[in-house]
Protein chains: 2
Amino acid sequence: MLKMKDFEEHINTLRSLGLRPTKQRIKICEILFGKKATFHFTVNQLNEIYKKKFKSKISLATIYNTVHGFKKKGYLKEITLDGNKSYYDTNTLNHHHFYDEGEDKLIDIENFDVSLNSLPKAPLNKSIKSVELMIRLENNNHNQK
Amino acid sequence: MLKMKDFEEHINTLRSLGLRPTKQRIKICEILFGKKATFHFTVNQLNEIYKKKFKSKISLATIYNTVHGFKKKGYLKEITLDGNKSYYDTNTLNHHHFYDEGEDKLIDIENFDVSLNSLPKAPLNKSIKSVELMIRLENNNHNQK
DNA sequence: CTTATACTTTAGAATGATTATAAATTAATT
DNA sequence: AATTAATTTATAATCATTCTAAAGTATAAG
């Protein structure tokens with residue numbers, strides 16, 4: 001059951017980002033920021049979730065616009081994977097990931113599970129913007145008969 | 001000045017991979033494995049280098065085929081960056097990278113410049129295939145007036 | 001050295017993700 | 001309620017990549 005409070009919160013979030021609170025954006029907010037747990041998604045997955053949850057269509061262009069807006073404002077983080085599609089993470093704090101190639105799935109790594117002892121220093125006139133670990137996973141039985 | 005020895009070496013490399021040594025593949029080998037220093041490239045960049053160096057055209061499809069062949073055989077490594085194009089690295093040893101976003105350029109990090117103290121353990125039935133650090137760089141003056 | 005076979009290259013079409021466009025709609029302002 | 005400015009939308013355009021089928025080339029066999 002959705003409470004008015006949720007809507008208002010999303011509306012305020014959007015306004016604070018300088019984005020008009022449209023029906024579509026509020027719904028995307030409900031999907032992305034409605035639950036406590038953070039999660040990872042592609043634009044296509046977000047589109048599917050939207051269709052199912054609200055039983056209504058939305059233009060992909062709108063999803064791209066909104067996601068880009070959130071990213072620019074720091075409410076979403078794009079994640080680095082090979083291949084040719086982008087993943088987004090609702091957890092914008094600095095953290096690392098497992099990538100399960102078999103299942104094409106990202107898993108957050110808690111920061112206290114990793115300890116980076118020494119880092120290289122940045123080249124002249126550059127500074128470090130972020131440090132991210134990608135740990136690729138494979139199934140244990142990969143070299144069995 | 002190219003010596004016959006170089007060609008023969010590339011031909012042997014190709015044969016050992018089960019790839020027929022065609023004109024195109026030998027030339028790609030010259031580009032990729034001819035110099036001592038390793039380097040990073042996209043398929044398009046490789047195409048440009050090929051055109052300039054040999055003053056002849058090559059089909060993009062051939063470049064894709066060859067690069068994929070080398071990758072599958074472990075002679076090239078695909079590198080993970082956001083956006084929608086793939087980078088390849090002639091250094092296939094496990095190592096980390098700086099990514100200079102401004103210049104869209106990858107820089108190798110020597111392994112002894114990084115020390116990872118503790119790693120999270122892999123989820124059940126999974127094991128760690130690779131661990132790679134991506135350190136994003138920005139210009140020092142990014143928040144000056 | 002010629003022929004047969006399998007592998008390669010090629011141009012161009014097909015695909016899939018993303019971005020651009022321009023008209024219709026909606027939110028905000030007056 | 002009317003004006004304006006931003007947004008949504010469907011669709012076209014773009015870009016990297018993969019697919020395809022025909023033409024070309026390397027290898028193996030005679």
Side-chain angles (χ1 to χ4, degrees), chain A residues 7-8 10-31 40-51 54-73 76-88 104 106, chain B residues 7-8 10-31 40-51 54 56-73 76 78-88 104 106:
Chain A
F7 285 106
E8 280 170 8
H10 297 319
I11 289 174
N12 289 337
T13 299
L14 287 165
R15 279 200 212 283
S16 75
L17 297 176
L19 299 172
R20 284 190 181 171
T22 62
K23 291 191 216 58
Q24 294 87 340
R25 285 176 178 162
I26 292 169
K27 284 178 177 153
I28 291 176
C29 279
E30 286 178 33
I31 295 171
H40 310 104
F41 64 93
T42 64
V43 163
N44 252 310
Q45 288 165 353
L46 182 52
N47 189 38
E48 293 303 317
I49 295 169
Y50 191 106
K51 282 198 294 190
F54 300 110
K55 287 165 183 40
S56 62
K57 282 198 204 333
I58 182 174
S59 168
L60 264 187
T62 302
I63 296 192
Y64 276 103
N65 286 342
T66 306
V67 163
H68 288 162
F70 286 156
K71 184 195 168 189
K72 188 186 297 183
K73 303 292 185 170
L76 283 176
K77 200 161 63 154
E78 192 171 356
I79 295 186
T80 275
L81 273 181
D82 33 35
N84 46 355
K85 58 173 172 282
S86 287
Y87 288 74
Y88 293 90
D104 188 24
L106 282 164
Chain B
F7 285 105
E8 280 169 8
H10 297 320
I11 288 174
N12 289 337
T13 300
L14 287 164
R15 280 200 213 284
S16 74
L17 296 177
L19 298 172
R20 284 189 181 171
T22 63
K23 291 190 215 60
Q24 294 86 340
R25 285 176 179 162
I26 292 168
K27 284 179 177 152
I28 291 176
C29 279
E30 286 178 32
I31 297 171
H40 310 104
F41 63 92
T42 64
V43 163
N44 252 309
Q45 289 166 351
L46 183 50
N47 189 40
E48 292 304 316
I49 295 169
Y50 190 105
K51 281 197 296 189
F54 301 110
S56 63
K57 282 197 204 337
I58 182 174
S59 169
L60 264 187
T62 301
I63 296 192
Y64 275 103
N65 285 342
T66 305
V67 163
H68 288 163
F70 287 155
K71 184 195 167 188
K72 189 186 296 182
K73 302 294 185 170
L76 284 176
E78 191 171 359
I79 296 187
T80 274
L81 273 181
D82 35 32
N84 44 355
K85 59 173 172 281
S86 285
Y87 287 75
Y88 293 91
D104 189 23
L106 281 163

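Numbered from 1 within each chain, the chains take letters A, B, ... in sequence-line order.
Computed from coordinates, the Leu81(A) CG to dA17(C) P distance equals 14 Å when rounded to whole Å. Note: CD1 (Ile26(A)) to P (dA6(D)) measures 19 Å, nearest angstrom. In this structure, NZ of Lys27(B) is placed 14 Å from C1' of dT25(D), rounded to the nearest angstrom. Atom CG in Leu14(A) sits roughly 10 Å away from atom P in dT7(D) (whole-Å rounding). One atom, CZ of Phe54(A), and another, P of dT8(D), lie 14 Å apart when rounded to the nearest Å. In this structure, NZ of Lys71(B) is placed 14 Å from C1' of dT18(D), rounded to the nearest angstrom. Distance CZ (Arg15(B)) to C1' (dA28(D)): 12 Å, rounded to an integer number of Å. The CD-P distance, from Glu78(A) to dT19(C), rounds to 8 Å in whole Å.
A donor-acceptor contact shorter than 3.5 Å is absent between the side chain of His40(A) and the backbone of Tyr88(A). Between the side chain of Arg25(A) and the backbone N or O of Leu14(A) there is no donor-acceptor pair closer than 3.5 Å. In terms of modelled atom types and a separation under 3.5 Å, the side chain of Thr62(A) and the main chain of Ile58(A) share no donor-acceptor contact.
A rotation axis mapping the C1' atoms of four pairs onto the next four is fitted at both ends of the helix from dC1(C)-dG30(D) to dT30(C)-dA1(D) over five pairs, and the angle between these axes is 20° to 10 degrees.
In this structure, Lys27(A) and Ser56(A) have side chains that are in contact, with non-hydrogen atoms separated by less than 4.5 Å. Counting heavy atoms from C-beta outward, Phe41(A) and Leu106(A) have side chains that stay 4.5 Å or more apart. Taking the side chain as every heavy atom from C-beta outward, Lys23(B) and Ile28(B) never approach each other to under 4.5 Å.
Checked by atom type, the side-chain pair Asn47(B)/Tyr64(B) shows no donor-acceptor distance below 3.5 Å. Between Ser86(B) and Glu78(B), the side chains place a donor N or O and an acceptor N or O closer than 3.5 Å (distance only, hydrogens not considered).
For His68(A) and dT18(C), the shortest distance from a side-chain N or O to OP1 or OP2 is not below 4.0 Å. For Tyr64(B), a side-chain nitrogen or oxygen approaches OP1 or OP2 of dT17(D) to under 4.0 Å.
Counting all heavy atoms, side chain and backbone alike, Pro21(A) lies closest to Ile26(A) at O-CD1, 3.9 Å. In terms of heavy atoms, Tyr50(B) sits closest to Gln24(B) at OH-CA, 3.7 Å.
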A correct 5'-to-3' footprint of nucleotides 3-13 of chain C, with B, S and - meaning base, sugar-phosphate only and no protein heavy atom under 4.0 Å, is ---BBSBBB--

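A salt bridge links Lys51(A) with Glu48(A): the closest approach of a Lys/Arg side-chain nitrogen to an acidic carboxylate oxygen falls below 4.0 angstrom.
For DNA chain C, the neighbouring residues in residues 40-51 of chain A, judged by any heavy atom under 4.0 Å, are Asn44(A).
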